[in-house]
Amino acid sequence: MFAASETVPNCGRVEQDALQDIQAGRSSTRWLGAGGGALWAAAPHSMVRWEERRGTAGGSGPAVLEPSASTMSAPKENVSLLFKLYCLTVMTLVAATYTVALRYTRTVGTELYFSTTAVCVTEVIKLVLSVGILAKETGSLTRLITSLKENVFGSPKELLKLSVPSLVYALQNNMAFVALSNLDAAVYQVTYQLKIPCTALCTVLMLNRTLSKLQWFSVFMLCVGVTLVQWEPAQATKVQVEQNPWLGFGAIAVAVLCSGFAGVYFEKVLKSSDTSLWVRNIQLYLSGIVVNLFVVYMSDGAKVLEKGFFYGYTYYVWFVIFLASVGGIYTSVVVKYTDNIMKGFSAAAAIVLSTVASVILFGLQITVTFVLGALLVCISIYLYGLPRQDTTKIQPSETKSSKERLATV
């Protein structure tokens, strides 16, 4: 551990000032320790690796410490298996219930509500919840107001930056309603897993990360599984409304593309600064509300003025909105206690639950190709989430040389 009295390494002026602020307690970032030729510092919501770099790549020059492109996740808390199972159950139920409930509201109700207004209301609820969580995080009303003034209302450039994923998320959420109006919940749940290869591709292109051969194989397997599911789509005998499977599949294709790009873009924004996650969420949802109000006006403006903003809303519709807003935020909070394997099991279990619910509620007729495709998708999700070889551990032989390198900085 580094004490405040320790000498700051010989860095460039900008880097040195930042490190001095950290050690003197003038920054919310704190030292954690050293290892692997790097210093580790923790900001409020992330851990930053400060690496030793000498001049240009491979060249000579004064050594500096700067934030590394690689980051280290915060250490997981030592929680019990029972609590992890609880997190797994919550994620599974939220994913499966949301899909089935949304499908139910789009096929059973006689007075169909405007999906664009539902998406807009969801963004408003997410904004209110994020402000509440930020208030708890800051600890006082004065600090909350100061944080909102500085980071939200006083940062128009940041709001404009977050308007990009807001626009994409608005399109994605509206496409989900279109897809579930034309496809069964189980078919949707399986096909929507195409977001994994899409996110993987965006991660490689936008964040310069690499995938293992097993991950690429699992991506290929997932695509084969989704193709089998769509090859002979399962039919729901209890659904009487008119449906267009091709329109539904097209909507899913747009949704997964939006999901992959927006998710990676938002991650890149989060990791570009130590701004609070909830401040970023508030910026995102504020932009999202503006974008979705514009979508409501352009898509259903005349009908909303004639019938009302909340036309066709029932308890089931409000339940879907609740799952989309509260469930999404809750899942993002508890996900830190799980790993990729558990998340893979959760996605697979959600597919199974959605299939069982679709058989009971909508009379879904299971086909052989659907079963084989769903099985391949579940296996591919599990394989994709398997941990890669751990290269972050410091070997005993490397520790000494790392300390020596740090001592010379």
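These values consider heavy atoms only, across backbone and side chains, with no hydrogens, waters or symmetry-generated copies. As the structure is a prediction and not an experimental result, all values here were calculated from the model.
A95 and T99 make their closest contact through O-OG1, 3.0 Å (heavy atoms, listed as atom of the first residue, atom of the second, distance). Of all the heavy atoms in I351 and Q189, the pair that sits closest is CG1-CG, 3.7 Å. Heavy-atom minimum distance, S325 versus I321: OG-O, 2.8 Å. The nearest pair of heavy atoms linking C258 to L171 is SG-CD2, 3.6 Å. L134 and S147 get closest at one heavy-atom pair: CD2-OG, 4.1 Å. In terms of heavy atoms, V190 sits closest to V226 at O-CG2, 3.8 Å.
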So I252 and M175, side-chain contact (heavy atoms from CB on, under 4.5 Å) or not? Walk me through it. CA-CA 7 Å; I252 291 182; M175 286 300 101; over 6 Å; no
Checking side-chain contact (heavy atoms from CB on, under 4.5 Å) for the pair T314/V317: CA distance, chi angles, key distance, verdict? CA-CA 5 Å; T314 63; V317 176; 3.5 Å; yes
Set out, in order, the CA-CA distance, both residues' side-chain angles and the distance that settles side-chain contact (heavy atoms from CB on, under 4.5 Å) for V168 and L257, then state yes or no. CA-CA 9 Å; V168 179; L257 289 173; over 6 Å; no
Which is it for L228 and F370 under the side-chain contact (heavy atoms from CB on, under 4.5 Å) test, yes or no, and what are the steps along the way? CA-CA 6 Å; L228 286 175; F370 177 86; over 6 Å; no
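Here the CD1-CH2 distance, from I282 to W278, works out to 9.5 Å after rounding to the nearest 0.5 Å. To the nearest 0.5 Å, atom CZ of residue R209 and atom SG of residue C202 are 12.0 Å apart. Rounding to the nearest 0.5 Å places CE of M221 at 5.5 Å from CG of L383. Note that the NZ atom of K161 and the CZ atom of R280 stand 5.5 Å from one another [nearest 0.5 Å]. Annotation: the span from L277 atom CG to S130 atom OG amounts to 8.0 Å, rounded to 0.5 Å. To the nearest 0.5 Å, atom OG1 of residue T122 and atom OH of residue Y169 are 14.5 Å apart.
Annotation for F220: atom CZ does not count as buried by contact number, only 12 or fewer foreign heavy atoms lying within 6.0 Å. For OH of Y297, the number of neighbouring non-hydrogen atoms (other residues, nucleotides, ligands) closer than 6.0 Å is 12 at most.
No donor-acceptor pair under 3.5 Å is formed between the side chain of S259 and the backbone N or O of A255. Judged by distance alone, with hydrogens and angles left aside, the side-chain atoms of R103 form a donor-acceptor pair with the main-chain N or O of L183 at under 3.5 Å. Listed for the D300 side chain is no donor-acceptor partner under 3.5 Å among the backbone atoms of V296. The main-chain N or O of V219 is never found under 3.5 Å from a side-chain atom of S380 such that the two would form a donor-acceptor pair.
Using a 3.5 Å distance cut-off with no hydrogens or angles, the side chains of R143 and T138 do not pair a donor with an acceptor. Residues S155 and N151 have side chains that never bring a donor and an acceptor to within less than 3.5 angstrom of each other. Checked by atom type, the side-chain pair S140/T142 shows no donor-acceptor distance below 3.5 Å.
Side-chain atoms of L194 and L222, non-hydrogen and from C-beta on, do get closer than 4.5 Å to each other. Using a 4.5 Å heavy-atom threshold, the side chains of V121 and W318 count as touching. Side-chain contact between F266 and L162 is present, with heavy atoms from C-beta onward closer than 4.5 Å. Counting heavy atoms from C-beta outward, I360 and V356 have side chains that approach closer than 4.5 Å. Taking the side chain as every heavy atom from C-beta outward, T105 and F319 never approach each other to under 4.5 Å. A 4.5 Å side-chain heavy-atom check between V291 and E123 finds every atom pair outside the cut-off.
Using bins of under 30°, 30° to 60° and over 60° for the plane-to-plane angle, the ring pair Y313/Y113 lands in the perpendicular bin. Classified by interplanar angle (parallel below 30°, tilted 30° to 60°, perpendicular above 60°), the ring pair F114/Y311 is tilted. Aromatic ring orientation, F261 versus Y265: tilted (interplanar angle from 30° to 60°).
Checking each of L180, N174, N182 against V178 for a side-chain contact (heavy atoms from CB on, under 4.5 Å) leaves exactly one that passes, namely N182.
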